[in-house]
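Just so it is clear, the structure is predicted and the values come from calculations on it, not from any experiment. Below, read A as the first sequence line, B as the second, and so on, with proteins coming before strands; counting in each chain starts at 1.
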Protein chains: 2
Amino acid sequence: MSNYSDNKERFAKMFHALSNPHRLALFHRLQTCCTPGTRCSTEQAERFCVGELGKGLHIAPSTLSHHLKELHRAGLVKMERSGKYVECWLEPKVLNELSHFFTIKNE
Amino acid sequence: MSNYSDNKERFAKMFHALSNPHRLALFHRLQTCCTPGTRCSTEQAERFCVGELGKGLHIAPSTLSHHLKELHRAGLVKMERSGKYVECWLEPKVLNELSHFFTIKNE
DNA sequence: TCTATATTTCTATATATGTCGAACTATAGT
DNA sequence: ACTATAGTTCGACATATATAGAAATATAGA
């Protein structure tokens with residue numbers, strides 16, 4: 001189990017990635033596991049391409065790319081090219097780590 | 001229930017506060033609900049004074065004060081003067097909010 | 001009141017970050 | 001090969017941040 005002591009820097013980097021409102025919005029968009037109204041059977045995050053993710057954020061493509069790179073480097077977002085597009089998604093494992101991080105410790 | 005949409009900026013500020021390794025260490029020290037070996041009955045975070053929190057971090061008192069102020073302004077840390085000291089602690093409510101933030105949404 | 005301890009505020013400075021536009025790379029379709 | 005679309009890299013710049021030291025404030029105790 002990934003505890004804080006072994007991952008100080010890693011957690012700090014993840015929180016840094018989430019500290020920018022634009023990046024947080026991107027992350028949040030990736031968190032919705034299925035289209036509204038439907039219900040996912042698996043706890044699987046959905047995939048979005050870069051352009052879709054940036055919609056409504058009113059930032060330049062270069063800025064969008066920069067922010068997704070930051071999220072990727074922090075280990076929060078997976079990225080893979082698929083033809084003309086680059087797909088982005090979250091690993092549920094990382095979300096669980098983060099969720100667990102905020103439970104009060106009984107060391 | 002405090003959802004993301006109503007608290008975008010607030011969450012970003014909390015993550016920003018946690019994005020610095022020194023602040024993250026301070027936060028983590030506050031997370032231990034009781035002294036090692038013991039077991040807490042209540043889910044109550046412990047109180048530490050500013051000086052105690054800074055031990056082992058090797059930062060100047062002014063820097064320590066600055067960081068705790070950031071954590072406080074982000075709403076993560078409560079502070080109250082008690083005589084010569086200033087006591088710091090976490091609100092379990094905020095920890096729960098953050099823990100919940102990382103669960104996959106079924107919007 | 002004087003002193004020691006705890007903490008904060010102020011000021012300065014080096015470094016990091018967010019942002020964009022221009023140029024570039026990758027891919028698909030004609 | 002040419003063109004359009006998707007996305008990235010690079011360079012520049014304005015702003016934000018981490019840090020420390022010096023000075024100030026708060027409190028307890030002699």
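No side-chain heavy atom of A:His28 sits less than 4.5 Å from a side-chain heavy atom of B:Phe11.
Between A:Arg23 and the phosphate of C:dG18, there is a side-chain N or O to OP1/OP2 separation shorter than 4.0 Å. In this model, the phosphate group of D:dG7 is not approached by any side-chain N or O of A:Lys69 to a distance below 4.0 Å at OP1 or OP2. In this model, the phosphate group of C:dT17 is not approached by any side-chain N or O of B:His16 to a distance below 4.0 Å at OP1 or OP2. In this structure, A:Thr63 does not reach the C:dT19 phosphate: none of its side-chain N or O atoms is under 4.0 Å from OP1 or OP2.
Between the B:Arg10 side chain and the B:Ala74 main chain, no donor and acceptor come within less than 3.5 Å of each other. Between the side chain of A:Arg23 and the backbone N or O of A:His67 there is no donor-acceptor pair closer than 3.5 Å.
At the heavy-atom level, B:Ile59 lies under 4.0 Å from the strands shown only through sugar-phosphate atoms. The residue B:His67 sits close only to the backbone: its heavy atoms come under 4.0 Å of sugar-phosphate atoms, none of a base.
Between A:Lys78 and A:Glu87, none of the side-chain N atoms (NZ, or NE/NH1/NH2) sits under 4.0 Å from a carboxylate O, so this pair counts as no salt bridge.
One atom, NE2 of B:His66, and another, P of C:dC10, lie 14 Å apart when rounded to the nearest Å.
Residue-to-nucleotide proximity on DNA chain D shows that, of A:Gly51 and B:Lys84, the 5′-proximal contact is made by A:Gly51. If you find the closest nucleotide of DNA chain C to A:Glu70 and to B:Ser65, the one lying nearer the 5' end belongs to B:Ser65.
Not counting sequence neighbours, B:Pro61 has no partner by the side chain to side chain contact (heavy atoms under 4.5 Å, CB included) test.
Comparing the helix axis at one end of the helix from C:dT1-D:dA30 to C:dT30-D:dA1 with that at the other, each defined from 5 consecutive pairs, gives an inter-axis angle of 30° (nearest 10°).
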